[in-house]
Amino acid sequence: MTQNHPRPRADDPSPLHPLDNPARSSLTGPHAHFAERRGRILRYPADVTPWLALPDVPDAQDWADVAALAGPGGSVALAAFQEAPPQDWEIVFRADGVQLVDVSVDAVPDPEAVPLGPRDVPEMLDLVARTRPGPFLPRTVELGTYLGIRRGGELVAMAGERLHPPGWTEISGVCTDESVRGQGLASRLVLAVAHGIRERGETPFLHASASNTGAVRLYESLGFRLRRRTEFLSALVPATLPSADATRRPSLR
């Protein structure tokens with residue numbers, strides 16, 4: 001039975017809110033077992049998801065630790081994060097995004113949806129390659145529940161869970177094969193994944209590209225509401241980095 005729990009205020013931008021830095025909230029909370037750490041920097045394993053988590057206000061040492069994790073010339077992906085990288089880091093991708101939260105979603109299970117797991121990953125990766133919903137890697141399925149719909153035995157639509165701040169779960173990986181678009185499969189799967197999240201007493205949320213107005217309208221029609229505007233970016237670590245001593249924090253002793 002669905003548990004009753006308070007709905008979040010969509011207009012509450014508290015800096016202490018777990019959704020303000022959702023990757024960090026996840027890696028210091030329910031996803032702590034995935035966390036790879038250097039100093040104050042946390043990240044998911046490279047085959048799980050590319051997102052990396054910085055402190056809310058990173059300093060020079062934090063960026064040095066990011067660079068050490070990624071390596072010279074390495075790519076760093078930041079999701080729903082408000083701080084800019086250092087000026088000598090090349091930004092290779094930047095996109096405006098929106099963060100939407102469940103305020104009135106009519107979450108229901110779907111009789112056609114089937115659980116997806118490690119054995120389904122090759123098909124999931126193939127569907128993602130055709131539809132490009134965002135990062136999905138060989139172990140992304142380990143982040144939470146994924147549901148799919150099959151037609152003629154073939155996976156044609158899926159949706160699942162990604163970031164997991166305390167009390168919240170992100171719906172992600174929503175995609176539908178072109179051959180079955182317009183049949184409402186994405187909406188059904190989002191509602192089914194939301195139902196599972198609600199059953200745990202948590203609140204669904206999601207991110208979308210601000211330019212994907214069709215997807216944003218769909219999510220709003222399902223009962224999600226804009227909480228905040230954000231940004232997604234990918235930057236390259238400089239090929240030449242300062243020495244660790246140049247950025248090391250002073251001792252507190």
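Below, all heavy atoms of this structure are taken into account, side chains as well, without hydrogens, waters or symmetry copies. A quick note: this is a predicted structure, and the numbers were derived from the prediction, not measured. Each residue takes its place number in the sequence, starting with 1.
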Check: Yes or no on salt bridge (Lys or Arg N to Asp or Glu O under 4.0 Å) for D20 and R228, after CA distance, side-chain angles and deciding distance?
Finding: CA-CA 9 Å; D20 286 352; R228 69 184 305 185; 2.7 Å; yes
Margin query: side chain to side chain contact (heavy atoms under 4.5 Å, CB included) for T176 and T131? Distances and angles first, verdict last.
Written below: CA-CA 7 Å; T176 305; T131 58; 6.0 Å; no
Item checked: Candidate pair L69 and R43, rule side chain to side chain contact (heavy atoms under 4.5 Å, CB included), full reasoning -> CA-CA 9 Å; L69 279 173; R43 71 173 180 181; 4.0 Å; yes
Checklist line | Full working for side chain to side chain contact (heavy atoms under 4.5 Å, CB included) between Y219 and H207 | finding: CA-CA 10 Å; Y219 296 138; H207 293 103; over 6 Å; no
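A continuous path of ILVMFWY side-chain contacts below 4.5 Å connects L52 to L233, so both sit in one hydrophobic cluster. V190 and V108 fall within the same hydrophobic cluster, where Ile, Leu, Val, Met, Phe, Trp and Tyr residues are linked whenever their side-chain heavy atoms come under 4.5 Å apart, directly or through other members. In the hydrophobic cluster analysis, where Ile, Leu, Val, Met, Phe, Trp and Tyr join through side-chain heavy atoms closer than 4.5 angstrom, V141 is grouped apart from V193. At a threshold of 4.5 Å between side-chain heavy atoms, the hydrophobic network of Ile, Leu, Val, Met, Phe, Trp and Tyr places L191 and V180 in one connected group.
Between the side chain of R198 and the backbone N or O of V105, at least one donor-acceptor pair lies under 3.5 Å. Under the 3.5 Å distance criterion, the side-chain polar atoms of D102 are matched with a main-chain donor or acceptor of S104. The main-chain N or O of P22 is never found under 3.5 Å from a side-chain atom of S25 such that the two would form a donor-acceptor pair.
Across all non-hydrogen atoms, the minimal contact from V174 to P133 is O-CB, 3.4 Å. Across all their heavy atoms, A70 and V237 have their closest contact at CB-CG2, 3.8 Å. Pairing each heavy atom of P166 with each of G29, the nearest pair is CG-CA, 4.5 Å. Between P72 and A239, the closest heavy-atom pair is CB-O, 3.4 Å. For the residue pair E161 and G144, the shortest heavy atom distance occurs at OE1-CA, 3.6 Å. Annotation for V216 and A208: closest pair CG2-CB, 4.2 Å, computed over non-hydrogen atoms.
Of the charged side-chain nitrogens involved, at least one lies within less than 4.0 Å of a carboxylate oxygen, so that E112 and R188 count as a salt-bridged pair. Between R139 and E142 a salt bridge is recorded (basic side-chain N to carboxylate O distance below 4.0 Å). The residues R40 and D59 are annotated as salt-bridged, a charged nitrogen and a carboxylate oxygen being separated by less than 4.0 angstrom. Contact check on R181 versus D177 returns no salt bridge, with no Lys/Arg side-chain nitrogen under 4.0 Å from an Asp/Glu carboxylate oxygen.
In this structure the side chain of L116 reaches within 4.5 angstrom of the side chain of R150, judged on heavy atoms. Counting heavy atoms from C-beta on, the side chains of R151 and Q183 come closer than 4.5 Å. Considering only heavy atoms from C-beta on, L155 comes within 4.5 Å of M124 through its side chain. Counting heavy atoms from C-beta on, the side chains of V92 and E90 come closer than 4.5 Å. The shortest side-chain heavy-atom distance between V114 and I149 does not fall under the 4.5 Å cut-off. Proximity of L147 to D110: side-chain heavy atoms (C-beta onward) are nowhere separated by under 4.5 Å. Using a 4.5 Å cut-off on side-chain heavy atoms (C-beta onward), I41 and P55 make contact. For the pair W63 and W89, the minimum side-chain heavy-atom distance is below 4.5 Å.
Interatomic distance, OG1 of T169 versus CD1 of I197, reported as 4.5 Å (0.5 Å rounding). Rounding to the nearest 0.5 Å gives a distance of 8.0 Å between CG of L137 and CG of L125. The distance from the CG atom of L163 to the CG atom of L206 is 11.5 Å, given to the nearest 0.5 Å. Here the CG atom belonging to L54 is positioned 6.0 Å from the CG atom belonging to L78, to the nearest 0.5 angstrom. Taking CG of D96 as the start and CD of E231 as the end, the distance is 6.0 Å to the nearest 0.5 Å. Here the CG atom belonging to L127 is positioned 5.5 Å from the CE atom belonging to M158, to the nearest 0.5 angstrom.
Classification of the F34-Y44 ring pair by plane angle, with boundaries at 30° and 60°, yields tilted.
Side-chain contact annotation: R227 with Q99, donor-acceptor N/O pair under 3.5 Å present. Side-chain polar atoms of R94 and S234 form no donor-acceptor pair below 3.5 angstrom. In this structure, a donor-acceptor pair under 3.5 Å is absent between the side chains of E170 and H164.
Taking the six-membered ring for Trp, F136 and Y146 have ring centres closer than 6.0 Å. For W51 and H31, the ring centers are positioned 6.0 Å apart or more.
Around atom CZ of R130, more than 12 heavy atoms belonging to other residues, nucleotides or ligands sit under 6.0 Å away.
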